[in-house]
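Below is one structure, written out as structure tokens, with a few remarks after it.
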Amino acid sequence: MEVTGGAPGPDEIRLLKPCLLRRNQSREQHGVAASCLEELRSKACDILAIDKSLTPVTLVLAEDGTIVDDDDYFLCLPSNTKFVALASNEKWTYSNSDGGTAWISQESVDIDETDSGAGLRWKNVARQLKQDLSSIILLSEEDLQVLINVPCSDLAQELCQSCATVQGLQNTLQQVLDQREEARQSKQLLELYLQALEKEGGILSKQEESKAALSEDVDTVDTAVSREITSEIALRGQILTVLKEKPVPELSLSNQDLELVTREDTRVLAAALNWDIKKAETVQRACDQELTLRLQQVQSWCSLRNLSARRNSLPGDPQNPKRAKHDPT
């Protein structure tokens, strides 16, 4: 569309580009023609009734939310490009009704699968990768899997590369995904190993405490008084905080702390936490079950380790020969 006339001179010809405008999260569209972005913004405020206090208005592509703030880029867009006008306090959100830069004549065609949310997502990730290949390390595992699942021909077309190159890229993405999974599994194994060591130390300390208790001949009344004083001091700090604040406190306590809680008098524990007797009994049962489970796991781990040690020390097993040292005399 051409219109004669303009500010520089009556003979200048301005090219008007037909566009489609709508507000964010709205299906109602308005057709306008503008020669530049500033004119399009002005018409957007008038046609879409945008409050002047919410200016400046930002124009983004309805297809993917790309901000259009350059007149040269605006002129390169095809006619009937769909724009979303965002006020100063608005953010673009994707809508399945957006046809992006498609021509109006294509709106009667069924929406292609690449116009769906999943298709738009892999395209956005691919464009990010195209701009900076090193951004692979910043991609989430979900984004990596999205690019791996994309057909090689579609990804090659989006990246403007050959299918062989894109196939190598997808293999690299799969390797990155596998390495992250291996790192996660290694971390989990290390955590289990450290927990096993901690539980083994707890068992040894419990055995030493039991031997010390059997060797003492203390009066029953003195034992009860001493236990009450000890529990009052032990349960006054971090243990009480964990019991009050954690939804599953037994998982956050060490073996020694679990033993203190289970050995505590229920009435004393309830009074210290301002609980009723039933709630205190429930927590003590949970702590006792968790402590028993930990001890069983450590015993199993110790049995496996002892069995492995015995196998390694069986007579007749091949051993590395060692040369005897010669006496210099």
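The basis for the numbers below is simple: all heavy atoms, side chains too, and nothing from hydrogens, waters or symmetry mates. Along the sequence shown, the residues carry numbers beginning at 1.
Val32 and Tyr73 fall within a single hydrophobic cluster, where Ile, Leu, Val, Met, Phe, Trp and Tyr are joined by side-chain heavy atoms under 4.5 Å apart, directly or via other members. Residues Val298 and Leu192 do not share a hydrophobic cluster, clusters being chains of Ile/Leu/Val/Met/Phe/Trp/Tyr side chains in contact below 4.5 Å. Cluster annotation: Val68 and Leu75 are assigned to the same hydrophobic cluster (Ile/Leu/Val/Met/Phe/Trp/Tyr, side-chain heavy-atom contacts under 4.5 Å, transitive). Residues Ile67 and Leu86 share a hydrophobic cluster, clusters being chains of Ile/Leu/Val/Met/Phe/Trp/Tyr side chains in contact below 4.5 Å.
Residues Leu177 and Leu173 fail the side-chain proximity criterion, which asks for heavy atoms closer than 4.5 Å. Side-chain contact check for Cys19 versus Thr81: every heavy-atom pair is 4.5 Å or farther apart. In this structure, Glu90 and Arg23 have side chains that are in contact, with non-hydrogen atoms separated by less than 4.5 Å. You'll find the side chain of Leu269 reaches within 4.5 Å of the side chain of Leu243, heavy atoms only. At least one side-chain heavy atom of Phe74 sits under 4.5 Å from a side-chain heavy atom of Leu40. A 4.5 Å side-chain heavy-atom check between Leu291 and Leu253 finds every atom pair outside the cut-off. The shortest side-chain heavy-atom distance between Leu77 and Leu61 falls under the 4.5 Å cut-off. The closest side-chain heavy-atom distance from Ser42 to Asp46 is below 4.5 Å.
In this structure, the separation between OG1 on Thr66 and CH2 on Trp92 is 8.0 Å, given to the nearest 0.5 Å. Taking CD of Gln297 as the reference point, atom CD of Gln299 lies at 10.5 Å (rounded to 0.5 Å). Here OG of Ser252 is found 9.5 Å from CG of Leu258. Values are rounded to the nearest 0.5 Å. Taken to the nearest 0.5 Å, the CG atom of Asp257 stands 4.0 Å off from the CD1 atom of Ile239. Distance check, rounded to the nearest 0.5 Å: CZ of Arg27 to CD of Gln29 gives 10.0 Å. We find the NZ-CG distance between Lys123 and Asp64 to be 9.5 Å, quoted to the nearest 0.5 Å.
Residues Asp276 and Lys278 are not paired through a salt bridge, judged by the lack of any N-O separation under 4.0 Å between the basic side chain and the carboxylate. The residues Glu38 and Arg41 are annotated as salt-bridged, a charged nitrogen and a carboxylate oxygen being separated by less than 4.0 angstrom. Using a 4.0 Å cut-off between a side-chain N of Lys or Arg and a carboxylate O of Asp or Glu, Arg294 and Glu198 do not qualify as a salt bridge. Between Glu158 and Arg127, at least one side-chain N (NZ, or NE/NH1/NH2) sits under 4.0 Å from a carboxylate O, which counts as a salt bridge.
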Next item on the list: Could you walk me through whether Val57 and Leu48 pass the side-chain contact (heavy atoms from CB on, under 4.5 Å) test, one step at a time?
Entry: CA-CA 11 Å; Val57 171; Leu48 301 178; over 6 Å; no
Next item on the list: Could you please spell out the steps behind the side-chain hydrogen bond (donor to acceptor under 3.5 Å, both in side chains) verdict for Gln195 and Glu191?
Entry: CA-CA 6 Å; Gln195 290 176 4; Glu191 290 176 350; 5.5 Å; no
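Nearest heavy-atom pair, Ile50 versus Ala87, reported as atom, atom and distance to 0.1 Å: CG2-CB, 4.4 Å. Nearest heavy-atom pair across Val261 and Gln284 is O-NE2, 2.9 Å. Of all heavy-atom pairs spanning Ala156 and Val166, the tightest one is CA-CG2, 3.4 Å. Between Leu147 and Trp122 the shortest heavy-atom distance is CD2-O, 3.8 Å. Ala85 and Ala44 make their closest contact through CB-CB, 4.2 Å (heavy atoms, listed as atom of the first residue, atom of the second, distance). Between Leu159 and Ala126, the closest heavy-atom pair is CD2-O, 3.3 Å.
Distance alone, capped at 3.5 Å, places no donor-acceptor pair between the Lys43 side chain and the Leu21 backbone. Listed for the Lys244 side chain is no donor-acceptor partner under 3.5 Å among the backbone atoms of Leu273. A distance-only check finds no donor-acceptor pair linking the side chain of Glu28 to the backbone of Arg22 [under 3.5 Å]. Between the side chain of Asp71 and the backbone N or O of Leu37 there is at least one donor-acceptor pair closer than 3.5 Å. Checking side-chain atoms of Gln170 against main-chain N and O of Val150 turns up a donor-acceptor pair under 3.5 Å.
Under the 3.5 Å distance criterion, with hydrogens and angles disregarded, no donor-acceptor pair is assigned to the side chains of Asn171 and Gln175. Using a 3.5 Å distance cut-off with no hydrogens or angles, the side chains of Glu141 and Gln145 do not pair a donor with an acceptor.
Enclosure of atom CD1 in Ile277 by more than 12 non-hydrogen atoms of other residues, nucleotides or ligands within 6.0 angstrom is indicated.
A side-chain contact (heavy atoms from CB on, under 4.5 Å) with Gln174 is found for exactly one of Asp178, Thr172, Val176, namely Asp178.
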